[in-house]
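Structure first, commentary second.
Just so you know, these numbers use all the heavy atoms, side chains as well, and skip hydrogens, waters and symmetry mates. Treat the numbers as computed from the prediction; the structure is a model and nothing was measured. Every chain is numbered from 1 and lettered A, B, ... according to where its sequence line falls, protein lines coming before strand lines.
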Number of protein chains: 2
Amino acid sequence: MFRGNHPTRVDEKGRLKVPAEFKRVIDEKYGQQFYITSLDGKVAQVYPFEEWERIEQKLAGLSNFNPTKKKFLDRTNYYGQQVEMDGQGRLLLPQLLRESGQIKGEVAVLGNLTYLVVRNLELFKREIEEDKFTPEDEKTLDELGI
Amino acid sequence: MFRGNHPTRVDEKGRLKVPAEFKRVIDEKYGQQFYITSLDGKVAQVYPFEEWERIEQKLAGLSNFNPTKKKFLDRTNYYGQQVEMDGQGRLLLPQLLRESGQIKGEVAVLGNLTYLVVRNLELFKREIEEDKFTPEDEKTLDELGI
DNA sequence: AAGATGTGGGAGAAAGTGGTTGAAAGTGGC
DNA sequence: GCCACTTTCAACCACTTTCTCCCACATCTT
């Protein structure tokens, strides 16, 4: 399971260094193959290939004419690419995603249990500053006892 | 199995360079023959010939008077052509399809498991931007645990 | 200080591109 | 119906660009 935030950088060739913390989890549980995609073009989602296959299996249960399935696959196909980790533990991010999400230079790599999320650090920071907690948010958290 | 998006271009002669990633899969599992067709004229579907034959076999099980079969064959015959990959790994796209789907210049080649989908990159991008996820879509995905 | 982690860059291989030539198919006239 | 001309197409060749792999150095951590 991936957890937490490890800031790192994407070099000029578009290679993402997988933080050592996450690398350990990968070496333990997964292979070298990944599926990198996105739903919105803003953040890259990095799935160990085994995890992505599980999602495909779940989708397989839906009709091909299900509009949600179509939208989901259109997006993930548009942004997606299967990539292999190199000997230095780096992943080449698809060019389309680097451009649309400005995923270059300083980025945040966030653990999201079964997959990793990569996003431009500066944009992330700005989003957090702008998206304040509302009273409803606080109420929701209260009810959960957080 | 074909997966993900590999943007490429169709040259002035209408030749599609098969992205190396997909080429590897083809060399491994299939021959040099393809059947290129479409159901809507907007996107080209590129089947390794062996896969297309499987579809034909499935259709063979239906009556010739089945209206769905008739429509399907009318369309795929209208757009379809059998083509062979050249020594440089390129496929000549049927002219009809190049025109009706504006499949020229920058295109996306999308893996769709057993076949490839080719579509104009700009049109694809526009479609994704316009076709937003609705709250119902999110609910459906939630229920699947995605 | 030594090992582990992160970074950059260069050489060679692979992928991608464009053009030319010869063959084949199509067309029209005799 | 046959022949000759025209046009299109497919195969091949050669060049350019990109990418991948690997090496070496820098920096951080224990």
Would you jot down, in residue-number order, the residues of residues 85-103 of chain B having a non-hydrogen atom under 4.0 Å from DNA chain D?
-> Gln88(B), Arg90(B), Leu92(B)

Heavy-atom side-chain contact between Ile128(B) and Lys125(B) under 4.5 Å | no

Sorted by number, the residues of residues 19-34 of chain A with heavy-atom contact under 4.0 Å to DNA chain D = none

Residues of residues 2-17 of chain B with a heavy atom under 4.0 Å from any atom of DNA chain D, listed by number, are Lys13(B), Arg15(B)

So, Tyr30(B) and Glu51(B): side-chain donor and acceptor under 3.5 Å apart, yes or no?
-> yes

Below 6.0 angstrom between ring centroids: does that apply to Tyr47(A) and Tyr35(A)?
-> no

If we ignore angles and hydrogens, is there a donor and acceptor under 3.5 Å between the side chains of Asp137(A) and Thr140(A)?
-> no

Within 6.0 Å of CD in Glu143(B), more than 12 heavy atoms from elsewhere = yes

Can you tell me if Asn66(A) and Ser63(A) form a side-chain donor-acceptor pair at under 3.5 Å?
-> no

Gln81(B) vs Ile36(B) side-chain heavy atoms within contact, under 4.5 Å | no

Does one hydrophobic cluster hold both Phe49(B) and Leu59(B), with members joined at side-chain heavy-atom distances below 4.5 Å?
-> yes

Do the ring planes of His6(A) and Phe22(A) sit parallel (below 30°), tilted (30 to 60°) or perpendicular (above 60°)?
-> perpendicular

State plainly whether one hydrophobic cluster holds both Leu110(B) and Leu73(A), where clusters connect Ile, Leu, Val, Met, Phe, Trp and Tyr through side-chain heavy atoms under 4.5 angstrom apart.
-> no

Indicate, with a heavy-atom threshold strictly under 4.0 Å, whether Val83(A) touches base, sugar-phosphate, or nothing.
-> nothing

